[in-house]
Amino acid sequence: MAELTYLQAISDGLRGEMRRDKRVFVIGEDVGVYGGAFKVTLGFQEEFGPWRVIDAPLAEAAIVGGCTGAALMGMRPVAEMQFSDFVSCAWDQLVTVAAKQHYRAGTPVPIVVRLPSGGGFSGGPFHSQNPESSFAHVPGLKCVCPATPADAKGLIASAIEDPNPVLFFEHKHLYRRIKGEVPDERYTVPIGKARLHREGDDVSVITWGAMVYTASEAADQLEGEGISVEIVDLRSVLPWDKPAVLESVRKTSKALVLHEDTHTGGFGAEIAATIAEEAFEDLDAPVRRISAPDAPVPFSPPLEKAFIPQVEDVARGLKALAEY
Amino acid sequence: MAELTYLQAISDGLRGEMRRDKRVFVIGEDVGVYGGAFKVTLGFQEEFGPWRVIDAPLAEAAIVGGCTGAALMGMRPVAEMQFSDFVSCAWDQLVTVAAKQHYRAGTPVPIVVRLPSGGGFSGGPFHSQNPESSFAHVPGLKCVCPATPADAKGLIASAIEDPNPVLFFEHKHLYRRIKGEVPDERYTVPIGKARLHREGDDVSVITWGAMVYTASEAADQLEGEGISVEIVDLRSVLPWDKPAVLESVRKTSKALVLHEDTHTGGFGAEIAATIAEEAFEDLDAPVRRISAPDAPVPFSPPLEKAFIPQVEDVARGLKALAEY
Amino acid sequence: MAIAREADPVGSLSEVKDAGLDREDLLGIYRNLLITRGVEERGHILYKQGKIPGSFYTGRGNEAAAVGIGTAMGPEDVGAPLHRDMGVHIVRGMEPWRVFANYMGRADGPTKGRDGNVHMADIRLGLISMVSHLPAMLPVAVGCALAFRIRDERRVALGWFGEGASARGDTHEAMNFAGTRRLPVVFICDNNQWAYSTPTHLEYAVEHIADRAQAYGFEGVVVDGTDVLAVYREAKRAIEKAREGGGPTLIECLTLRMEGHAVHDDAFYVPRELFEEWAKRDPIERFREWLRDNVSLTDGEEEEIAADVKHLLAEAMRRAEESPLPDTSTLLDGVYADPADLHAPHH
Amino acid sequence: MAIAREADPVGSLSEVKDAGLDREDLLGIYRNLLITRGVEERGHILYKQGKIPGSFYTGRGNEAAAVGIGTAMGPEDVGAPLHRDMGVHIVRGMEPWRVFANYMGRADGPTKGRDGNVHMADIRLGLISMVSHLPAMLPVAVGCALAFRIRDERRVALGWFGEGASARGDTHEAMNFAGTRRLPVVFICDNNQWAYSTPTHLEYAVEHIADRAQAYGFEGVVVDGTDVLAVYREAKRAIEKAREGGGPTLIECLTLRMEGHAVHDDAFYVPRELFEEWAKRDPIERFREWLRDNVSLTDGEEEEIAADVKHLLAEAMRRAEESPLPDTSTLLDGVYADPADLHAPHH
Ligand SMILES: Cc1ncc(C[n+]2csc(CCOP(=O)(O)OP(=O)(O)O)c2C)c(N)n1
Ligand SMILES: Cc1ncc(C[n+]2csc(CCOP(=O)(O)OP(=O)(O)O)c2C)c(N)n1
Ligand SMILES: [Mg+2]
Ligand SMILES: [Mg+2]
C-alpha cells in the first residue's frame, strides 16, 4: 500500500497494464515526449518506446478510429483525449463504429478512451465539461468515472481488460488534490458496481466523480445537525449499479441525485426516473436532482462557482429532503 | 385548408419561408437536382436556383459549420441531413460551435438542421435512429419533433424564425403515411408548447413524433375497456412543455412516458424524473417509461418490430398503470 | 494539373505472369466476377419479389475493381470494403448464400439480421464490416495497419472510400495519420462518378482524387476500374510496397455506377450517353474478351464456368431462403461483448 | 516535392507602395505590432500576479503574421482568428482594455466572463469568436464566404488554423467545400512548427501545408511569417483575388512559437538553438530595422510610438482592473438568443 494521488494511481495502473500485456499501447496528442497534458504518461515513452506510446496528430477521429482498427487486430489501445471536451470530434467514431460493431458484426472492440474532464479551475466552456451523460445513452459503450485513487487504478485495469469500448472519465479536479491508499499489486474493480462511500440512514446521495467529495463535505456538515447521509459512489454510469442504488434508497427512503454536468437530460435523470419508478412505494419524498444549470461552463471564477454544484447547495438540498 | 401529407407540409412550409424571406436557403446532400433523399425539396432548385438550394459535398461538418457561418452573416440556413443518423458527423459543429456561440460571444446562430429520423422500415442501425435525446442535453440547442402535418408546417416556420440553432426531427415513418388538414396561409407553432392530442382522465401518455400514433391506437383499444387515456404530444423536447405535462399528470395522477429511442439516458428519463419530482404528491402510481431497449436498431423485420415500441406494448403499460 | 500516376492498361499475357497470375488464376478471377454480378443480380430479383426488406444497393460496373483488389490481397491482409465492393467479399471466400441471408435479414447471415445489405463482413476472412457512415472505416483500416506496424508484422490493411466520401474529414484524418507514420495501408477510391445524385465537380475540385496522395506524402495512382488486370497489378504493387515498409498508396479506380444509387433511384440525373459509353466497357465482357484473345478461353470453359456459377447461386438462394428469420429472443444478444468473445475465431 | 509558391521577401519601398501602403500606414503597422506584443506581455504579468484565472496563451513570434493579415483585410471582410492571432483583433480595433478584461474574466470583456484567453472577438469589428476545438472555425469561415457568394457581395472571409490543426477533418471539409464552390475565402495557416509538444513531421508528411491547396483546386503560398510586409502583400493579393471571384487561397505563414504552448509549458522539447535562430528574426525588430532603412524611421518617432503604446496599455490595464467580475445573476443570460438579439449591432 502506498499513498498516491488520483493521477499517480491512473498512471501506475496504466503503466502496470502496459508492462503486463504487450498488446496495450497508448495514443494521443502529446502523450509521448511531453507525457500528456496532465503528465499521466510521463516517462512512458522512455520505457515502452515510440510505437507503444504514440504521439498522434491533432485528429481525434483518427485516434479513436485508429484504436478501433488496432483493437480489431488484437491490440488493447488506450487513447487519451487531451481534454474530455475534444471527444466531441470523435463522437461519430465512438457512437457509430465502436459502439455498434459487436452487435452488428460480432467483433469486439476492446478500446479505452481516457477523458480528463470536469471543471473547477476556470477552464472555460471547452476545458471543463463532463460529457459522460451524452455517452451513457449509447448502447454498446461503457462509461467509467472513478472518484478515488484506488478505484482509478482498479478501474483502468478493468477497462483495458473489458472486451468493449470503455470511456474512462478522470476528473481533473481530483488529479492532484485527492490522495489515498492504493494497493501495490495489480487488481481490478468491477465495472458496474457502486461503492458505498459513506453509510447513513436518512438520505441517500447518488453521485460519482468529483461530486463524491462535495457530497461528503455536505454530509459532514449535516452530521452536526443530526442528519445521517449515505453516499453511493456509482463509479460507472454505463452500466450503473441499479441494485445498489435501490438498496440504499429503500433503506433511507429519500434520494438526492447529484452530478456536475448540466441538468436537462443529464444522466441524473435516468437514475432519478429509475428510483422513482422502481422504489415508488419506498419513497418518503420526491427524488431530488442537483446538477449544473443548463448553460455552457463559464470561465470567470464567480460564474463558474455559481455553475458547479457547491457543498452549500448539496447541504441545502439534503436538509430539505431530510425535513420533507 | 388542404389535406397534406406530413412530408408535403414540411415541403410547403419550407418553400413558403423561402419565398417570403430571401435570407433562407437550403443546403445538403442531394437536395438540389434530386430534391433530397425523401424529395422534401423537390422542385426547389428550379424555383430558387442553385445558390439557394445547394447540393453540398458529402461533408456534414462543412454543411453545419457552413450554416453557422452563413447565419452569422445574416442568412437563415436550413441544412438537411440525408438521414438523421449522419448528424453524428456534425456533432462537434453543433455542440461546440453553434450551441455555445451566443452565450459566449453574444452572436445568435439562427440555423435549422432537418433530420429525417426514426425506424419502422428495416433501415437498420444507421438509417433508423432517433438522436433527439442526445441533443436535448445540450444547452443552446432547440429540438423540435412534430407529429402532425399542421405542426410540421408551423414548426418549420418557427424553427427558421428562431434566433437559435434548431434541430428539426422529421419522422420518416410519418412522411407519407400521415395526412392531415393544413392551413394554406403562413402560421407558426410556438416551440416549447405541447399539444393535447387526446383528452382523457385515467392515465397520461407523454410522447412525441411517430409514437403519438402508437399511443393513439393503444388509447383506442383501451377505450373499449373503459380506460380513458390522455395523450400529450410534446412537439419539442428542448425546450419541453413542463407545465402542460404536469397539468395533465396532476389531472390523471398517472403517467407513461413513451419514446422510440433507446431507454437508458433517453429523454424520457428527464420527463419521468421531473414528473416524479414535481408531481410527487399527485401521483397514484410510479411514472412508467416505454422505449426501445438498449441496443442498436436492428434491420430484420421481426427484430425491428420487437425493438420499436408497439401498440400492444403501450396498451399493456397503460392497462397496468390504470390498474395500479 | 494531375499529379497522380495514370496506370496503363494490362496488355499481354507475359505482363500478367509477371504480376503472378497463371491461367487458372485468371479463370478464377473470371469466375469471381461472374459470382459477384450474379449475387447482386439475384439480390435485385429477391428485392423485387419483396424478399429483401429495406433498401438495396449494388456495385454494377465496379466488379472488376473489387475483384482485382481482393485478388491482390495476401491471405493475412485485412480490409474494410464498402457497398459497391461485393467482389472483395466473394474473392475472400464469403459464401453467396450468406450474402443472400444477410440481404433478407435471416438468422444465418453474417450479421444475424442485425444489419442489412452489404453492411456485413466476416472477420475470419480478414474483412471488417462497414458502417453506413462514409468513410468512417478509413481510420479503422489505418488502425489495423497501426497494429501491424506496432507488432512488426508483414501485413497490410486496405481501406475503401467513394469519391463522394472523399469530401469528409475522416478521409483526411486517416490518410494524414497513415502518411505521417508510413503505415502499411492501401487506400482504394471507388470513383464511380456519382455520389447518389451528386456529380464529382461538387465533391472535389482537383482533377483526380489520387492527386491528393501527394498532400499526405505518398503515391497516388489512377487506374481504369473496368480493367481487372490493371487494377490487380496496381493493387499488388501498392500492397507489396506497403508490406515492405514503403508506406501507403492511394489507388483511384475509375468506373461508372451503372445503376441508381439504390434500387429506388432511376438515376435520371446521369446522362444516358454516359451509361451507353460505359456499357461498352463492361468489366466482365471486357475481361472475357481478353481471356479469349490472350489465354484462349474456350466456349466450353466459358459455359462450364457460367453453369457452375449459376448452380452455385441457385443453391445459395435456396439455402438462404431456408434460413429462418432471427428469433426475437436474440434481440439483445451481443450489445456488449463478453470476455469469451475475445477468443472467438478470428482472422 | 513542394507545390506551393514560395513568396519573396518584400524589398523596397516602391514595392510596398504598389501594395497600397503609405508611410503612415507603415507606422500604423509598427504601432499595432507593438500593441500586440505589449498586450500579451502585460497579460503574462497579470497572469503571474494571479489576476488571470485558468491558463494563458500568447502568440509571441506570430505578431507580424497576424498584423500583416489583419491589415490586408477590407473593412467589410470577416475572419475567425485563433489563439496566436491577437494582432488581428488589434488591427480591427479591439481595444486592449477589453482584451485584459477578458483575460481576467471581467464583466466588460467581450465574453462578459463566459470565456477566457483569446476565445473572444467582437462581431462588430468583423471578427468571430473562436472555440477551443481546432479548427472548428474553418467551416464557419467558409459559411461566411458562402453567404457573401449567395448575396453576391464583394466581401471575403478569412479562416485561420495551426499546422497541428491541419490534421483534423474540419480543415479538409472546409477547404474542399470552398474549392468546389470557389468561395471568397482565404485560409491562413499559422505554421509555428509545434502543436503543443508535437513537431510538424508527426502532424503532416508533405513539405508545406500550403502544398495541399492544389488538392482543393486553388493556390497555396508559403510566406515568411516574420516579414510583416510580405505577409501583407500575399494576404492582400489573395483577398482581392477572392473578392474578384477568383476563389480561395491558402497562405501558410512560417514562424516559430517563441514560448511554450501556454504559460505552464517551458517548451523543453524545442531545441534551444531553434529559439536562438528565430530570435534573430524577431518580427518586430525586423520591421523596425526595415522602417529605419527604408522610410527613415527616426529615434523620435520610435520613442513617441513606444511611449504612446505604453500609455495606452497602462490605461487599458487600469480600466480592465476597474471592470467588475460578472454578477452571478447573469449566469444564465443568453444561453438562448431572443429574437431581439438578431437586431443587435452587427458587422
Ligand atoms: C456520413 C454520411 N453521410 C451521408 C450518407 C448517405 N449516403 C449514402 S451513400 C451516399 C453517396 C456516396 O457517394 P460515394 O462516396 O461516391 O460512394 P458511391 O455510393 O457512389 O459508391 C450518401 C450521401 C452516408 N452514408 N454517410
Ligand atoms: C480538436 C482539438 N483537440 C485538441 C486540442 C488541444 N490543443 C489546444 S492547442 C493544441 C495544439 C495546436 O497546434 P497548432 O494547430 O499547431 O496551433 P498552435 O497552438 O501551435 O498555434 C492542442 C492539441 C484542441 N484545442 N482541439
Ligand atoms: Mg460515387
Ligand atoms: Mg503550431
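Quick note on labels: first sequence line is chain A, next is B, and so on, each numbered from 1. If you're wondering where the values come from, they're calculated on a predicted model, not measured in any experiment.
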Would you say B/His127 and C/Ser132 make side-chain contact, with heavy atoms under 4.5 Å? yes
Heavy-atom pair count under 4.5 Å with chain B, highest-scoring of C/Leu134, C/Asp327, C/Val131: C/Val131
Within-4.5 Å side-chain heavy-atom neighbours: C/Leu325 and B/Leu303: no
Quick one: are C/Asn102 and B/Phe299 in side-chain contact, heavy atoms under 4.5 Å? no
Residue-level contacts of residues 333-340 of chain C with chain B, using a heavy-atom cutoff under 4.5 Å: C/Val335
Answer with side chain, backbone, both or neither: which region of C/Phe268 has an atom nearer than 4.5 Å to a non-hydrogen atom of chain B? side chain
Counting distance only, does the side-chain N/O of C/His133 pair as donor-acceptor with the main-chain N or O of B/Asp85 below 3.5 Å? yes
Proximal to chain B - members of residues 169-178 of chain C, heavy-atom separation under 4.5 Å: none
Is there a side-chain contact between C/Ser55 and B/Phe121, using heavy atoms and a 4.5 Å cut-off? no
Distance alone, cut at 3.5 Å: any donor-acceptor contact between the side chains of B/Asp55 and C/Thr198? no
The side chain to side chain donor-acceptor pair (under 3.5 Å) partners of B/Arg23 (sequence neighbours excluded) come to B/Asp21
As an exercise: rank B/Gly124, B/Pro301, B/Cys89 by heavy-atom pairs under 4.5 Å with chain C and give me the winner. B/Cys89
So which of B/Ala295, B/Pro125, B/Ala306 has the biggest tally of heavy-atom pairs under 4.5 Å with chain C? B/Pro125
What are the two closest heavy atoms between B/Ala59 and C/Arg168, and how far apart are they? CA-CG, 3.7 Å
B/Ala62 versus chain C, heavy atoms under 4.5 Å apart: side chain, backbone, both or neither? neither
More than 12 non-hydrogen atoms from neighbouring residues, nucleotides or ligands closer than 6.0 Å to NZ on B/Lys179, yes or no? no
Does the B/Asp30 side chain pair with the main chain of C/Ser197, one donor and one acceptor, at a distance under 3.5 Å? yes
Can you tell me which portion of B/Glu304 sits under 4.5 Å from chain C's heavy atoms? Options are side chain, backbone, both or neither. neither
Side chain to side chain contact (heavy atoms under 4.5 Å, CB included) between B/Tyr34 and C/His261, intermediate numbers included: CA-CA 11 Å; B/Tyr34 197 74; C/His261 171 65; over 6 Å; no
Which heavy atom of B/Pro302 sits nearest a heavy atom of C/Thr328, and at what distance? O-CG2, 3.5 Å
Tell me, out of C/His264, C/Lys112, C/Glu203, who's got the most heavy-atom pairs with chain B below 4.5 Å. C/Glu203
The reported gap from CE in C/Met104 to OG in B/Ser300 (rounded to nearest 0.5 angstrom) is 10.5 Å
Restricting to side-chain contact (heavy atoms from CB on, under 4.5 Å), what partner residues turn up for B/Ala272, sequence neighbours left out? A/Ala273, B/Val257, B/Val287, B/Arg289
Please state whether the side chain, the backbone, both or neither of C/Leu202 comes within less than 4.5 Å of a heavy atom of chain B. both
